[in-house]
Amino acid sequence: MNTVIQPLLELESYQRLLEHIRQSQTPVFVTGVIDVQKTHLLFAMQEHLHRPVVILTHSEMRAKEILEDLRFFTKQGMYYPAKDLLFYSADVHSMEMNRQRFLVLQAILTGKCPWIVASAEAFLDRYPKQEVFVSHLLKLRVGEVYAVEELMKRLVFLGYERTELVESAGQFALRGGILDIYPITAEEAVRIEFWDDEIDSIRSMDVQSQRSIEKLEEITIYPMRELVYDQEQACVAADKIEVEYKKALQRLEKEEQNESADRLREHIGENIVRLRTEFSFPTVGTFL
């Protein structure tokens, strides 16, 4: 790629651009670059400055186009999708979208993501502080002791669903002393074998054949939602939501908007109950 970016070093304006960024004299406004050259310029800057790059654009379609252009120069680019609220509760769509978002978060936390492409809409999401999010990661290692029942409660709290058989991301199953989990950021499920409460082995697992594959020393399980919190915070949030919920419900009933009031009871009312009892609900990230 040196033949592609080396000529830029001969431009005085490009040298000034690099120097301004090195000295933190930013933001820097660059003009006179047509669309097809923008990715070329950004790639050259990343190569010369050795810094991670976030490309922010006006739409999801444009973000995908930029990613395709970027792949001509490097395979390390990652797309961070915005939440599609119309389909957020649709299992298949939301799962794949969440997986892609968490893969980007994982790459950021592990320092393996030099390129992120996203739309402005995707950047509107609110996140907890990094240390708060990291504290909710579940790390399991061979030889360590975990109470299995408490571990399952933790998985449910992180948004994982208990099933008879693990078939897709976001599920876990317990059979005797064997716990199967499909972490949202993993390419394959994992099988954890316990000896009493001690982890005896961790292996990757093929969900099609349900057979163990490769030994692992440890795994990190990411939560199923970006918005993480503890049980106390969930109850506080439920109380605050209920106050506004009752105000809205009284207004609708006073205005005799019975259909709207019923919908409010069905969705928000039930979600408040689930937040208090289960500490979560399917669309929690869109409301809290």
Side-chain angles (χ1 to χ4, degrees), residues 56-64 79-105 117-130 132-133 135-136 152-163 167-172 184 222-288:
L56 189 61
T57 188
H58 59 85
S59 70
E60 290 291 293
M61 182 176 294
R62 180 56 183 149
K64 293 176 183 178
Y79 166 59
Y80 183 78
K83 291 179 180 177
D84 188 341
L85 298 185
L86 291 176
F87 298 97
Y88 192 73
S89 59
D91 292 341
V92 175
H93 187 280
S94 63
M95 182 62 69
E96 183 54 37
M97 179 185 66
N98 283 348
R99 173 176 163 75
Q100 181 59 41
R101 291 162 65 89
F102 273 102
L103 285 173
V104 174
L105 290 177
V117 184
S119 68
E121 182 182 358
F123 268 51
L124 293 177
D125 296 331
R126 298 181 66 181
Y127 282 90
K129 294 181 179 180
Q130 180 175 326
V132 175
F133 183 83
S135 70
H136 283 77
M152 289 195 296
K153 288 180 182 178
R154 178 79 181 276
L155 289 170
V156 171
F157 185 71
L158 292 178
Y160 286 79
E161 176 190 7
R162 185 172 182 177
T163 59
E167 297 177 314
S168 60
Q171 297 179 339
F172 73 94
I184 191 169
Y222 279 67
M224 294 293 292
R225 58 177 181 268
E226 298 99 327
L227 185 61
V228 291
Y229 48 84
D230 57 31
Q231 295 182 9
E232 181 180 351
Q233 291 170 327
C235 291
V236 170
D239 292 340
K240 292 182 178 179
I241 295 172
E242 186 173 33
V243 171
E244 298 302 321
Y245 161 72
K246 288 181 176 179
K247 289 180 182 178
L249 192 60
Q250 289 175 356
R251 178 178 58 79
L252 292 173
E253 290 174 342
K254 186 177 181 180
E255 296 173 356
E256 297 185 351
Q257 297 185 37
N258 297 326
E259 186 176 343
S260 297
D262 289 341
R263 285 201 301 269
L264 192 66
R265 290 190 191 94
E266 180 183 355
H267 297 291
I268 305 302
E270 290 182 3
N271 285 340
I272 292 172
V273 173
R274 293 184 66 175
L275 190 56
R276 283 203 176 100
T277 57
E278 303 173 20
F279 309 110
S280 182
F281 53 87
T283 56
V284 64
T286 64
F287 293 101
L288 293 183

For K254, the side-chain contact (heavy atoms from CB on, under 4.5 Å) test, sequence neighbours excluded, returns none
For residues 236-251, which side-chain N or O atoms pair as donor and acceptor with protein atoms under 3.5 Å away, sequence neighbours left out?
{"from": "D239", "atom 1": "OD1", "to": "R276", "atom 2": "NH2", "distance (Å)": "2.7"}
{"from": "E242", "atom 1": "OE1", "to": "R276", "atom 2": "NH1", "distance (Å)": "3.4"}
{"from": "E242", "atom 1": "OE1", "to": "R276", "atom 2": "NH2", "distance (Å)": "2.6"}

Atom pair OG (S135) and CD (Q130), whose distance is rounded to the nearest 0.5 Å:
11.0 Å
Please name all residues satisfying side-chain hydrogen bond (donor to acceptor under 3.5 Å, both in side chains) with Q233, sequence neighbours left out, ordered by chain then number.
none
According to side-chain hydrogen bond (donor to acceptor under 3.5 Å, both in side chains), who are the partners of E259, at least two apart in sequence or on a separate chain?
R263
As an exercise, state the distance from CD1 of I272 to NE2 of H267, rounded to the nearest 0.5 Å.
13.0 Å
Show every donor-acceptor pair shorter than 3.5 Å between a side-chain atom in residues 156-163 and any protein atom, with sequence neighbours excluded, or say none if there are none.
{"from": "Y160", "atom 1": "OH", "to": "I184", "atom 2": "N", "distance (Å)": "3.3"}
{"from": "Y160", "atom 1": "OH", "to": "Y222", "atom 2": "O", "distance (Å)": "2.6"}
{"from": "T163", "atom 1": "OG1", "to": "L165", "atom 2": "O", "distance (Å)": "3.0"}

Going by side-chain contact (heavy atoms from CB on, under 4.5 Å), name the residues that satisfy it together with T57, two or more places apart in sequence or in a different chain.
R62, A63, I66
To the nearest 0.5 Å, what is the distance between CD (E253) and CZ (R265)?
4.5 Å
Is the backbone N or O of E167 less than 3.5 Å from a side-chain atom of Q171, with the two atoms forming a donor-acceptor pair by type?
yes
Quick one, S119 and H58 - any side-chain contact, counting heavy atoms below 4.5 Å?
no
Roughly how far apart are N98 CG and E226 CD, rounded to 0.5 Å?
6.0 Å
Can you list the residues that meet the side-chain contact (heavy atoms from CB on, under 4.5 Å) rule with A118, with sequence neighbours excluded?
Y80, A122, F123
Kindly give the heavy-atom pair with the smallest separation between V228 and P223, and that separation in Å.
CG1-CG, 3.7 Å
How many angstroms lie between CD1 in I268 and CG in L275, if you round to the nearest 0.5 Å?
11.0 Å
What's the separation between atom CG in L264 and atom CD in Q257, rounded to the nearest 0.5 Å?
11.0 Å
Donor-acceptor contact present, side-chain Q100 to main-chain Y79, <3.5 Å:
yes
Side chain R101, main chain P81, donor-acceptor under 3.5 Å:
yes
